[in-house]
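Structure first, commentary second.
Atoms within each ligand, like the ligands themselves, are counted from 1 in listed order.
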Amino acid sequence: MKALVAYYSDTGNTEKLAQGVYEGIEKAEKDILPIKEVKEVEDFDIIFCGFPVQSHSVPGKAEAFIKSIPAGKKLALFATHGSLRGGPLAIEAFYYALSLTSKGTVLGTFGCRGKVKSSILDALMNKDEHRSWAIEAQSAASHPDDADLEDAKSWAKSMLAKAGGQ
Ligand SMILES: Cc1cc2nc3c(=O)[nH]c(=O)nc-3n(C[C@H](O)[C@H](O)[C@H](O)COP(=O)(O)O)c2cc1C
């Protein structure tokens, strides 16, 4: 079993979560790379793909990568977001990410909160379409934290087991 952890991260939160996912992968060959450095995915049995939720959706670079995954390849999606864990804004982004994949390829999803840069929070507070999540996001300042990383490790293990690897 070979696993790839591929991530897109602007301010480091998703990269930190990707490290947690990577550490949770045991009993498998593994690699971790930013999406822009991924050359091929054919060699991997399962791809963990991480992105930050942006504007309730998936950033363009992650979107292009998810779309490029060949049909039938096992995929597990993770994300960081400023809004509450399990809340509608994050769910909306995961639904969109799922819509980019071939049916039946996604084994599961995992999301946790990620600190939003204060300069960005201040700017978005002034925009009607972003204000609701920006207010919510103020309490994400300590995330991803150790508990998030432990949850990510457990999730990675369960995804690998589902893929038949551990
Ligand atoms: C332009 C922009 C738009 C964002 N939009 C959302 C959003 O719609 N919902 C949300 O929960 N968080 C949103 N966020 C917060 C990020 O998802 C969060 O800070 C994430 O952890 C950043 O991850 P990164 O450090 O890997 O880039 C947004 C952040 C930026 C910069």
Can you tell which of [options] gets a heavy atom nearest to [atom]?
| atom | options | answer |
| --- | --- | --- |
| atom 16 (C) of ligand 1 | T11, V53, L89 | V53 |
| atom 12 (N) of ligand 1 | A93, A90, G82, A123 | G82 |
| atom 11 (O) of ligand 1 | S9, S83, S119, C112 | S83 |

Handout entry: Residues D10, K117: salt bridge by 4.0 Å N-O rule
Key = no
Exercise for the section: Answer side chain, backbone, both or neither: which part of I120 comes under 4.0 Å from ligand 1, heavy atoms only. Expected result: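 The side chain, only.
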Exercise for the section: Using a 4.0 Å heavy-atom threshold (strictly under), name the region of H130 that reaches ligand 1: side chain, backbone, both or neither. Expected result: neither
Hey, does the side chain of [X] reach the backbone of [Y] with a donor-acceptor pair shorter than 3.5 angstrom?
| X | Y | result |
| --- | --- | --- |
| R113 | S83 | yes |
| K16 | P144 | yes |
| D45 | K2 | yes |
| D122 | S119 | no |
| Q54 | P59 | no |

Problem - Short N or O distance, N13 and ligand 1, threshold 3.5 Å exclusive - result: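 For ligand 1, there is an N or O atom that lies under 3.5 Å from one belonging to N13.
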Exercise for the section: Examine K115 against ligand 1 and note whether any of their N/O atoms are separated by less than 3.5 Å. Expected result: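 K115 vs ligand 1: N/O contact under 3.5 Å present.
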For ligand 1, which atoms have a heavy atom of [X] less than 4.0 angstrom away?
| X | result |
| --- | --- |
| T14 | 23 (O), 24 (P), 26 (O) |
| D10 | 24 (P), 26 (O), 27 (O) |
| T80 | 17 (O), 20 (C), 21 (O), 22 (C), 23 (O) |

Measure the distance from [atom] to every protein heavy atom, then report the residue, atom name and distance (to 0.1 Å) of the closest one.
| atom | answer |
| --- | --- |
| atom 2 (C) of ligand 1 | Q54 CG, 4.0 Å |
| atom 8 (O) of ligand 1 | H56 N, 2.6 Å |
| atom 4 (C) of ligand 1 | W133 CZ2, 3.4 Å |
| atom 18 (C) of ligand 1 | G114 O, 3.7 Å |
| atom 5 (N) of ligand 1 | S55 N, 2.8 Å |

Exercise for the section: Please indicate whether K30 has more than 12 foreign heavy atoms, meaning atoms of other residues, nucleotides or ligands, lying under 6.0 Å from its NZ. Expected result: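 Enclosed.
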Practice task
State whether the number of non-hydrogen atoms from other residues, nucleotides or ligands found under 6.0 Å of N126 atom CG is greater than 12.
Solution key: yes
Practice task
Determine, for F44 and K73, whether the Lys NZ or Arg CZ falls below 6.0 Å from the six-membered ring centre while staying within 45 degrees of the axis.
Solution key: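 Cation-pi check for K73 and F44: fails.
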Handout entry: side-chain contact (heavy atoms from CB on, under 4.5 Å) evaluation trace for F65 with V41
Key = CA-CA 10 Å; F65 179 75; V41 296; 4.1 Å; yes
